[in-house]
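By convention in this document, chain letters (A, B, ...) are assigned in the order of the sequence lines, proteins followed by strands, and residues within each chain are numbered from 1.
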Number of protein chains: 2
Amino acid sequence: MTTQSLFDVLLIAGDIDKLVHEPARLMLLSILYKIDSADFVFLQKQMGLTRGNFSTHMSKLEEAHYIDVKKEFVERKPMTVLSITDEGRTALEKYRSQMKKILAELE
Amino acid sequence: MTTQSLFDVLLIAGDIDKLVHEPARLMLLSILYKIDSADFVFLQKQMGLTRGNFSTHMSKLEEAHYIDVKKEFVERKPMTVLSITDEGRTALEKYRSQMKKILAELE
DNA sequence: CAAACAGGTTTGCATTACAAACTTGTGTTC
DNA sequence: GAACACAAGTTTGTAATGCAAACCTGTTTG
C-alpha cells in the first residue's frame with residue numbers, strides 16, 4: 001500500500017455526516033435501525049441521557065428527516081414515538097461504509 | 001440477538017474518546033499511526049485543512065500526549081514534525097475496537 | 001530597505017452538546 | 001375542589017468546540 005492511497009482513503013473522514021457521527025445520535029439511530037421504532041422515555045432511559053439532551057438530539061435527527069416523531073396519548077399520558085425513515089437508514093448505511101473503510105486502513 | 005444486548009453494545013458509544021472521534025483528528029492520528037511521523041506543512045496540505053485549523057487539532061492531540069511535536073530548523077526554515085506516541089497508538093486502537101463493535105451491530 | 005513569502009499561532013465567531021429550569025397536562029390528597 | 005406532586009417533554013443558558021481570518025516572526029527577493 002502506498003502512502004498516497006492511505007491519504008485517499010482517510011480523506012473520506014472529511015465527508016463524514018456529523019449528524020450521524022455524534023455518539024449519542026449514532027447510538028439512537030443504530031437502535032432505531034435495528035428495532036424500527038420505540039418511545040421517548042424508553043430510549044432516553046436505556047441510553048442514559050437526560051431528557052433535555054435526548055430531546056435536542058431527537059429534534060436534530062427529525063429536522064434532517066432521519067427519523068419520524070409522532071406524539072400520541074396512551075392511557076391519557078403523552079407518548080412520543082420515534083421511528084427511523086428510509087433517509088435515516090440510507091444515511092446510517094453510508095456512514096457505516098465510510099467508517100469501515102477508515103478503520104480498515106488501520107489493520 | 002436480544003434487544004438488551006443491542007443496548008449493551010451501543011452504550012459503548014457513550015464511552016468514545018471524542019479527541020480521537022473528531023474526523024480531522026481521526027484522520028491525522030490514523031496517518032501517523034501508519035507512517036509514524038511527518039511534518040506540519042505536508043500533513044496540512046494533504047489533509048486539505050487551513051493552517052489555523054490544523055494547528056489547533058495538532059495542539060489538542062499534543063496536550064493529550066497522543067502525539068509529539070518537535071520544532072526544528074531545516075535550511076533556515078522552521079519545520080514542525082509530528083509523531084505518534086505509544087499513548088496515541090493505544091487510544092486509536094481502543095477507538096477502532098469500539099467502533100468496530102458498534103458498526104458490527106448494524107450488520 | 002521595503003515588500004513579498006513561508007511557517008505557524010492566536011483571536012473571534014458561529015455552532016454544538018448538555019443539563020437546569022420551565023411548561024403542560026394528569027392524578028392525588030386533604 | 002384547591003393545592004400539590006408527578007410524568008413527559010421543551011426551552012433556555014452556558015461552556016466547549018471547530019473553523020478561518022488576522023496576526024506574528026523570521027527569511028528571501030526586487
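Rounded to whole Å, atom C1' of D/dG26 lies 7 Å from atom CZ of B/Phe73. When the P atom of C/dG7 is taken as reference, atom CD of B/Glu75 falls 11 Å away, rounded to whole Å. In this structure, A/Leu28 atom CG and C/dA17 atom C1' are separated by 15 Å, rounded to whole Å. One atom, CD of A/Glu63, and another, P of D/dT11, lie 11 Å apart when rounded to the nearest Å. Counting to the nearest Å, the C1' atom of C/dG7 and the CD atom of B/Gln44 are 9 Å from each other. The nearest whole Å value for the distance from the CE atom in B/Met79 to the P atom in C/dC5 is 23 Å. Per the geometry, CG belonging to A/Leu49 stands 13 Å off P belonging to C/dA20, to the nearest Å. One interatomic measurement links the two molecules: CG of B/Asp39 to P of C/dG7, which rounds to 9 Å at whole-angstrom precision.
For B/Glu22, whose side chain is taken as the heavy atoms from C-beta onward, the closest listed nucleotide among C/dG7, D/dC19, D/dA20 is D/dC19. Between C/dT10, D/dA8, C/dT9, one nucleotide has an atom nearer to the side chain of B/Met58 than all others, and that is C/dT9.
A sub-4.0 Å separation between OP1 or OP2 of C/dA17 and a side-chain N or O of A/Asn53 is absent. For D/dT17, the OP1/OP2 oxygens have no side-chain nitrogen or oxygen of B/His57 closer than 4.0 Å. Look at B/Ser55 and you won't find any side-chain N or O under 4.0 angstrom from OP1 or OP2 of C/dG8. Distances shorter than 4.0 Å separate some side-chain N or O of B/Lys60 from OP1 or OP2 on D/dG18. Here B/Lys18 reaches the OP1 or OP2 of C/dC18: one of its side-chain N or O atoms lies under 4.0 Å away. OP1 or OP2 of C/dT9 sits under 4.0 Å from a side-chain N or O of B/Lys71. OP1 or OP2 of C/dA17 has at least one side-chain nitrogen or oxygen of A/Arg25 nearer than 4.0 Å.
B/Glu22 contributes a side-chain N or O that, together with a main-chain N or O of B/Ala24, makes up a donor-acceptor pair within less than 3.5 Å. With A/Arg25 contributing its side chain and A/His57 its backbone, the two residues share no donor-acceptor pair below 3.5 Å. Formation of a donor-acceptor pair under 3.5 Å by the A/Thr85 side chain with backbone atoms of A/His65 is found in this model.
The residue among A/Ser59 and B/Lys77 whose nearest nucleotide of DNA chain D lies closer to the 5′ end is A/Ser59.
Among the candidates A/Glu93, A/Arg89, A/Arg96, the single residue satisfying the side chain to side chain donor-acceptor pair (under 3.5 Å) test with A/Tyr33 is A/Glu93.
Base engagement by B/Arg51 is indicated by at least one non-hydrogen atom pair under 4.0 Å involving a base atom. Heavy atoms of B/Thr80 sit under 4.0 angstrom from primed sugar atoms or phosphate atoms, though from no base atom.
Between B/Phe7 and A/Phe42, the ring planes lie perpendicular to each other; the angle is over 60°, past the 30° to 60° tilted range.
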